[in-house]
There are 2 protein chains.
Amino acid sequence: MNERERQVLARIERARAARPRVRDERITLAHGAGGRATADLVGAVFLEQFRNRWLEPLEDQAVFAADAGRLAFTTDSYVVRPLFFPGGDIGDLAVNGTVNDLAVSGARPLHLSAAFVLEEGFPVADLRRVAAAMARAAGAAGVTIVTGDTKVVERGKGDGCYITTSGVGVLERDVTLGAARARPGDAVLVSGPVGDHGITVMLARGDLGIEAELRSDTAPLNGLVDSLLDAVPEGVRCLRDATRGGVATVLNEIAGACGAGAEVREDAVPVRPAVRGASELLGIDPLYVACEGRLVAVVAEEHAATALAALRAHPLGADAAVIGSMTDGPSGLVLLRTAFGGTRVLDTLVGDPLPRIC
Amino acid sequence: MNERERQVLARIERARAARPRVRDERITLAHGAGGRATADLVGAVFLEQFRNRWLEPLEDQAVFAADAGRLAFTTDSYVVRPLFFPGGDIGDLAVNGTVNDLAVSGARPLHLSAAFVLEEGFPVADLRRVAAAMARAAGAAGVTIVTGDTKVVERGKGDGCYITTSGVGVLERDVTLGAARARPGDAVLVSGPVGDHGITVMLARGDLGIEAELRSDTAPLNGLVDSLLDAVPEGVRCLRDATRGGVATVLNEIAGACGAGAEVREDAVPVRPAVRGASELLGIDPLYVACEGRLVAVVAEEHAATALAALRAHPLGADAAVIGSMTDGPSGLVLLRTAFGGTRVLDTLVGDPLPRIC
């Protein structure tokens, strides 16, 4: 064995004996090259935080058993700015958002993937903090992060950290939920105050110079959905988490898909005073502001009271409310009945008043 | 009905009657806001290209049936620069790469998700071109893109288009493949010439001023894997597609995971003359250069000839070769036996000689 071979062997032995470490304080292009720096980063940050038996082999894919008849599959990219804000960070969002997109189909979320596009120079300490938040959020939601990827782009070609999570869930209940299933007369419920997340992120940027005691509502909704579907096994037509575009956009999508109208009673919509105040300053309606832990439920009218009680019995639905109903009004048209008795159209969101809030 | 309601209804009717259209020539922040512009972009570009029954409901998740005992799940982000290069583009890569990460586990790839992080100002025509390439690649691989997401970041916070694909496959064969299953004496095969993709992308940047008749090897490997596993149902220890870090890095991972050594015969490795020439100019070894349509197979020695014949019988494996073997040499050490009879260490990739080639 020559000197070079001895050196490499010694390094391999050291790597085996030691916990993997990232010596750099900042992400470099090498962390995305797929070689030794990538392996150290994956070992020291991601495997350390996410450790589970599916991830541990570090193959290019995770293999797991699932007694599936029907599976749900979803993906979302997260580009929120700033990365950290009161009540959460991009890591919470990336886990909860994908858990929620599975949950609202009635699926039990099982496993998540996490793909990172990091900007050269991003602090490794921030990445650890994000990964720790993802691990906590996954634990809280009862899912595991089983596979992933890391790419690095040059300084100025990203914005610190973008995360894409995908998720697989299994539909164990004999329910089919979907926007097309809503019909006139159905009740429209929200699971809590709207707009906390979007306004919190806007305020966290500091551009508005407003201080408010507000936190993101980011949360995993699978437990809440379970409570609801346990209580109302029939009669839930569709569930949506009210993210980008807010409750108004969700209702437009539902009305468009089912061919009914919808009407919302403005004074029935729970909105925190701080959200209402900031929204007025921003010139936007809280019904268009993203939540990351609230769902819209369309429920057959005769089950609405049971559904409301089930939501309110869960900590994440304590402030749930019936905010309106689907109508036989013009197909696709969503109307807001104002506190003064007038109506105005709640159209689909046009433009982007709140960029990069998720 | 008032004037505003009539206007909105007329718009809804027009939207229903017409095919969705994107009027803008360039991506704006509104395309990522989740409102009307997003819906138009999804309808006119992604649904138009990817159309299938799982995607069509445009819910936040796709629901599909799978007779699964074991599932494979994978994700990768693609940040290649330039987006278009001889032989492919970021769209091909994003589909083939995820198909291949499923295929090398022995799974049949079923469904993909696609999440886009677009930079404000990105040409819509380029996005159409990328989506069309993804649709073609998905068709060729026999998979469907069933769910997705689009985010837009401000100019200067991205680089045109980043794509993250995830994939779900089903393990129908009774095989378990994995790096830890390799053992001394096993043959190491590659399915074709190495390094075409990485060198093609480097040359496409034009920085080197070299012209060469070279194309990316991007291709879906699930058919090739099927042929191999049909011919050698037992005796294939593990498969890896040789992407970032190239064949050398794959072999280091395998040797590290199984506790054997590995030896590669330099003159047995198929390398195109143009790849060899450019690699010499770049000062890198083709064994570290990424392929996007080549696999490394570790096969029990007694099945090596059958495996080689099976690979060569497939168009994507016509130039397959046995390039070396796993050894009882020091655990984790990969050696290259040079054409002159000497040996040198093929260590894990250090640094990033070829940033953003996938």
Side-chain angles (χ1 to χ4, degrees), chain A residues 4-5 8-9 12 29-30 33-36 57 59-66 68-77 79 101-102 104-105 111 113 115 117 146-149 151 153 156-159 162 164 166 168 171 178 244-245 249 330 332-333 345 347-352 355-356, chain B residues 4-5 8-9 12 29-30 33-36 57 59-66 68-77 79 101-102 104-105 111 113 115 117 146-149 151 153 156-159 162 164 166 168 171 178 244-245 249 330 332-333 345 347-352 355-356:
Chain A
R4 170 75 179 132
E5 292 171 32
V8 171
L9 263 184
I12 292 172
L29 287 175
R36 200 187 300 169
E59 295 279 352
D60 289 336
Q61 71 299 116
V63 171
F64 55 85
R70 288 187 302 156
L71 297 173
F73 181 33
T74 190
T75 194
D76 263 322
S77 290
V79 299
D101 280 344
L102 294 173
V104 295
S105 73
H111 295 306
S113 65
V117 175
V146 295
T147 190
D149 184 47
K151 294 291 191 304
V153 295
K157 301 294 184 187
D159 196 11
Y162 297 148
T164 302
S166 302
V168 174
L171 282 121
R244 284 184 298 178
T249 299
L333 191 69
V345 177
D347 201 358
T348 308
L349 182 68
V350 179
D352 191 359
R356 292 184 56 188
Chain B
R4 170 74 179 132
E5 291 171 32
V8 171
L9 265 185
I12 292 173
L29 288 174
R36 200 187 299 168
E59 295 279 352
D60 289 337
Q61 72 299 116
V63 171
F64 54 86
R70 288 186 302 156
L71 297 173
F73 181 32
T74 191
T75 194
D76 263 321
S77 290
V79 299
D101 280 346
L102 294 173
V104 294
S105 73
H111 295 308
S113 65
V117 175
V146 296
T147 190
D149 183 47
K151 294 291 192 305
V153 295
K157 300 294 184 187
D159 195 11
Y162 297 147
T164 303
S166 301
V168 174
L171 282 120
R244 285 185 298 180
T249 299
L333 191 68
V345 177
D347 201 359
T348 309
L349 183 68
V350 179
D352 191 0
R356 293 184 57 188

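Residue numbers begin at 1 in each chain, while the letters A, B, ... track the order of the sequences. Values in this document were obtained by computation on a predicted structure and should not be read as measured data.
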What closest approach, in Å, do B/T348 and A/G35 show between heavy atoms, and which atom pair accounts for it?
CG2-C, 3.8 Å
Is a side-chain N or O of A/K157 found less than 3.5 angstrom from the main chain of B/G158, in a donor-acceptor match?
no
Nearest 0.5 angstrom please: B/D149 CG to B/T164 OG1, how far?
9.5 Å
Which atoms of A/L171 are under 4.5 Å from chain B, going by heavy atoms: the side chain, the backbone, both sets, or neither?
side chain
B/F73 and A/H111: aromatic ring centres closer than 6.0 Å?
no
For A/D76 and B/K151: C-alpha separation, side-chain torsions, deciding distance, then whether side-chain contact (heavy atoms from CB on, under 4.5 Å) applies.
CA-CA 9 Å; A/D76 263 322; B/K151 294 291 192 305; 3.8 Å; yes
Which bit of A/L333 is near chain B, if near means a heavy-atom gap under 4.5 Å: side chain, backbone, both or neither?
both
Given heavy-atom pairs under 4.5 angstrom as the criterion, report whether the side chain, backbone, both or neither of A/Y162 touches chain B.
side chain
Do you know which of A/T75, A/L349, A/D159 has the most heavy-atom pairs under 4.5 Å to chain B?
A/T75
Taking side chain as C-beta onward, heavy atoms only, is A/L71 less than 4.5 Å from B/L71?
yes
Selection from B/L9, B/T249, B/L102, B/V104 maximising heavy-atom pairs under 4.5 Å formed with chain A
B/L9
Under a 4.5 Å heavy-atom cut-off, does chain B meet the side chain of A/R36, its backbone, both or neither?
both
d(B/D347 CG, A/E5 CD) to nearest 0.5 Å is 11.0 Å
Given that the side chain runs from C-beta out, which part of B/R4 has a heavy atom under 4.5 Å from chain A: side chain, backbone, both or neither?
both
Which of the residues A/A62, A/A72, A/G148, A/A65 is involved in the greatest number of heavy-atom pairs with chain B at under 4.5 angstrom?
A/A62
Less than 4.0 angstrom from a charged side-chain N to a carboxylate O is my criterion; do B/R244 and B/D352 meet it?
no
Do you know which of A/G245, A/P57, A/G332 has the most heavy-atom pairs under 4.5 Å to chain B?
A/G332
Most contact-rich option vs chain B, by heavy-atom pairs under 4.5 angstrom, among A/L29, A/V117, A/V153, A/V79, is A/V153
I need the residue from A/S113, A/A115, A/A30, A/G156 with the largest number of non-hydrogen atom pairs under 4.5 Å to chain B.
A/S113
Please classify the contact between A/V146 and chain B as side chain, backbone, both or neither, with a heavy-atom cut-off of under 4.5 Å.
side chain
So for A/P355, is it side chain, backbone, both, or neither that comes closer than 4.5 Å to the heavy atoms of chain B?
side chain
Heavy-atom pair count under 4.5 Å with chain B, highest-scoring of A/S77, A/S166, A/G34:
A/S77
